[in-house]
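Reading through the structure tokens given below for one structure.
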Amino acid sequence: MSIAEILIKAAAFAAIIVLGYLLRRKGFFKQEDFYILSKIVLKITLPAAIVYNFSNMKLDVSMLSICFFGLAGGVLLMGTTWIFNIGKSKERKAFDLLNVAGYNIGNFAMPFIQSFLGPVGLAATSLFDAGNSIICLGGAYSAAMAAMKSGGRRSVKELVMPLVKSVPFDTYIIMTALTLLGIRLPRIAVSFAQTIGGANAFMALLMVGVGFKLSLKKDKLAAIFRILSIRYGISLALALLWYHFTPFALEIRQAFVLLAFSPIASAAPAYSGELNMDIGLSSAINSLSIIISILSMTAVLVIML
């Protein structure tokens, strides 16, 4: 793929996000419409895209280890953040832990990878997200609660239930099992999934635009810089490590690099609000990470492809 093709596709993705943002500003979408779009993506188009992607590939058992990388990336981010916050207030430590870890894959990285890499790269992305879901849907939240010492530790049931109720996560597990067992879905089911899954990239990016918020206050700049510096410093280190020192095929290692630079988990602002943290600051960090990731992922695509 030429540099021009990569830049054109990346520009198209950015344009869809801008479209969603402008439509919300003009009143076409209301803020609450974000949650409707989110349900459509997470419960319909993303699972369909996962079904179709797995239906077109053979999965080796050794690839299951990719789940570990999604989990390990989040653990490393939280561990580094904890070290940087030694001696700091429990509120700051909890906020940083919650807002630095986890990867926005289903709503952002998946559409990118869906357009630039083949079925193997997409399968690797799905497996990576299975491990990442543990961080996004419970791990980071629990770490933040432990740092604040409010409410104590969460039970195993509280940690597991969000995963069980997650349609994309359940789809990952079911399709991984079927693919490993060599069980293929009927052609009509695959065709149905292909049609719906084809809309995932547009719907996910439009949703990101509708939910985009960016309010930069001077007294918040230090926190924004601190968290994003940790996030993307670790992202660069992981991208280099995973690309040069993992034993996987080239397409999988390319997916790893893109995943390392994907934005902060979209659930972070919601969890921040649940713990009575600064939602505005969390939303600003989340939105800025989207901008940084668009630029970073486009740059690495130009380098790799």
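Counting begins at 1 with the first residue of the sequence.
- Separating the CG atom in Leu238 from the CZ atom in Phe69 is a distance of 10.0 Å, to the nearest 0.5 Å.
- Formation of a donor-acceptor pair under 3.5 Å by the Glu251 side chain with backbone atoms of Gly118 is found in this model.
- Under the 4.5 Å side-chain criterion, counting only non-hydrogen atoms from C-beta, Tyr21 is in contact with Arg25.
- For Lys217, the side chain to side chain contact (heavy atoms under 4.5 Å, CB included) test picks out Ser215, Asp219, Lys220, with sequence neighbours left out.
- To the nearest 0.5 angstrom, Ser142 atom OG is 10.0 Å from Leu98 atom CG.
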Do Tyr52 and Thr195 pass the side-chain hydrogen bond (donor to acceptor under 3.5 Å, both in side chains) test, and can you show the C-alpha distance, the side-chain angles, and the key distance before you say yes or no?
-> CA-CA 9 Å; Tyr52 177 69; Thr195 302; over 6 Å; no
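- Atom-to-atom distance recorded for Met110:CE and Asn53:CG is 6.5 Å, nearest 0.5 angstrom.
- Nearest heavy atoms, Ile40 versus Met203: CG2-CE, 3.9 Å.
- Side chain of Ser55 to main chain of Val51: a donor-acceptor pair is present (N/O by atom type, distance under 3.5 Å, no hydrogens or angles).
- Using cut-offs of 30° and 60° for the angle between ring planes, the Phe112 and Phe108 rings count as parallel.
- Not a single donor-acceptor pair under 3.5 Å links the side chain of Ser287 to the backbone N or O of Ala284.
- Formation of a donor-acceptor pair under 3.5 Å by the Arg24 side chain with backbone atoms of Phe212 is found in this model.
- Under the 3.5 Å distance criterion, the side-chain polar atoms of Ser272 are left unmatched by any main-chain donor or acceptor of Asp278.
- Between Ile135 and Leu71 the shortest side-chain heavy-atom distance falls below 4.5 Å.
- Closest approach of Val41 and Pro47 over heavy atoms only: O-CD, 3.6 Å.
- Within a 6.0 Å radius of CD1 in Ile3, no more than 12 heavy atoms belonging to other residues, nucleotides or ligands are found.
- Nearest approach of Leu77 to Val100, heavy atoms of both residues: CD1-O, 3.8 Å.
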Intermediate values then yes/no, side-chain contact (heavy atoms from CB on, under 4.5 Å), Val257 and Met297 | CA-CA 8 Å; Val257 174; Met297 294 170 77; over 6 Å; no
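- Here the side chains of Phe261 and Leu236 are in contact, with some heavy-atom distance below 4.5 Å.
- Using a 4.5 Å heavy-atom threshold, the side chains of Leu23 and Val210 count as separate.
- In this structure, Ser229 OG and Ile234 CD1 are separated by 11.0 Å, a value rounded to the nearest 0.5 Å.
- Clustering ILVMFWY residues whenever any of their side-chain heavy atoms sit less than 4.5 angstrom apart, transitively, puts Ile8 in a cluster other than the one holding Leu117.
- Heavy atoms only, all atoms of each residue included: Ala147 and Trp82 are closest at CB-CZ3, 4.2 Å.
- Residues Ile279 and Met277 do not share a hydrophobic cluster, defined by chaining ILVMFWY side chains whose heavy atoms lie under 4.5 Å apart.
- Leu181 and Leu185 end up in the same hydrophobic cluster when Ile, Leu, Val, Met, Phe, Trp and Tyr side chains are linked at under 4.5 Å.
- Here the side chain of Lys9 pairs a donor or acceptor atom with the backbone of Ser115 at under 3.5 angstrom.
- A cation-pi arrangement is absent between Arg253 and Phe128 under the rule of less than 6.0 angstrom and at most 45 degrees off the ring axis.
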From CA spacing to verdict: side-chain contact (heavy atoms from CB on, under 4.5 Å), Leu228, Ile264 = CA-CA 9 Å; Leu228 291 178; Ile264 296 168; 4.1 Å; yes
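- Of all heavy-atom pairs spanning Ser293 and Pro263, the tightest one is OG-N, 3.1 Å.
- Looking at Tyr232, its side chain does come within 3.5 Å of a backbone N or O of Ser289 through a donor-acceptor pair.
- To the nearest 0.5 Å, atom CD1 of residue Ile6 and atom CE of residue Met304 are 8.5 Å apart.
- Between Tyr141 and Tyr271, the ring-plane angle classifies as tilted under the 30° and 60° cut-offs.
- Only one option out of Val190, Ile188, Ile196 pairs with Phe192 in a side-chain contact (heavy atoms from CB on, under 4.5 Å); it is Ile196.
- Atom CD1 of Ile227 and atom CG of Asn99 lie 5.5 Å apart (nearest 0.5 Å).
- For Pro269, the side chain to side chain contact (heavy atoms under 4.5 Å, CB included) criterion is met by Ser282, Ser283, Asn286, not counting sequence neighbours.
- With Asp96 as the partner, the side chain to side chain donor-acceptor pair (under 3.5 Å) test is satisfied by one option alone out of Thr80, Thr81, Asn85: Asn85.
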Test Asp129 against Tyr103 for side-chain contact (heavy atoms from CB on, under 4.5 Å), laying out the working first.
-> CA-CA 8 Å; Asp129 197 24; Tyr103 300 94; over 6 Å; no
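- Looking at every heavy atom in both residues, Ala255 comes nearest to Gly121 through CB-O, 3.8 Å.
- Residues Tyr243 and Leu127 are members of one and the same hydrophobic cluster, defined by side-chain heavy-atom contacts under 4.5 angstrom among Ile, Leu, Val, Met, Phe, Trp and Tyr.
- Tracing side-chain contacts under 4.5 Å through hydrophobic residues (I, L, V, M, F, W, Y), one never reaches Phe225 starting from Leu97; they form parts of separate clusters.
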Give the intermediate values and the outcome of side-chain contact (heavy atoms from CB on, under 4.5 Å) for residues Leu42 and Val167.
-> CA-CA 7 Å; Leu42 293 177; Val167 177; over 6 Å; no
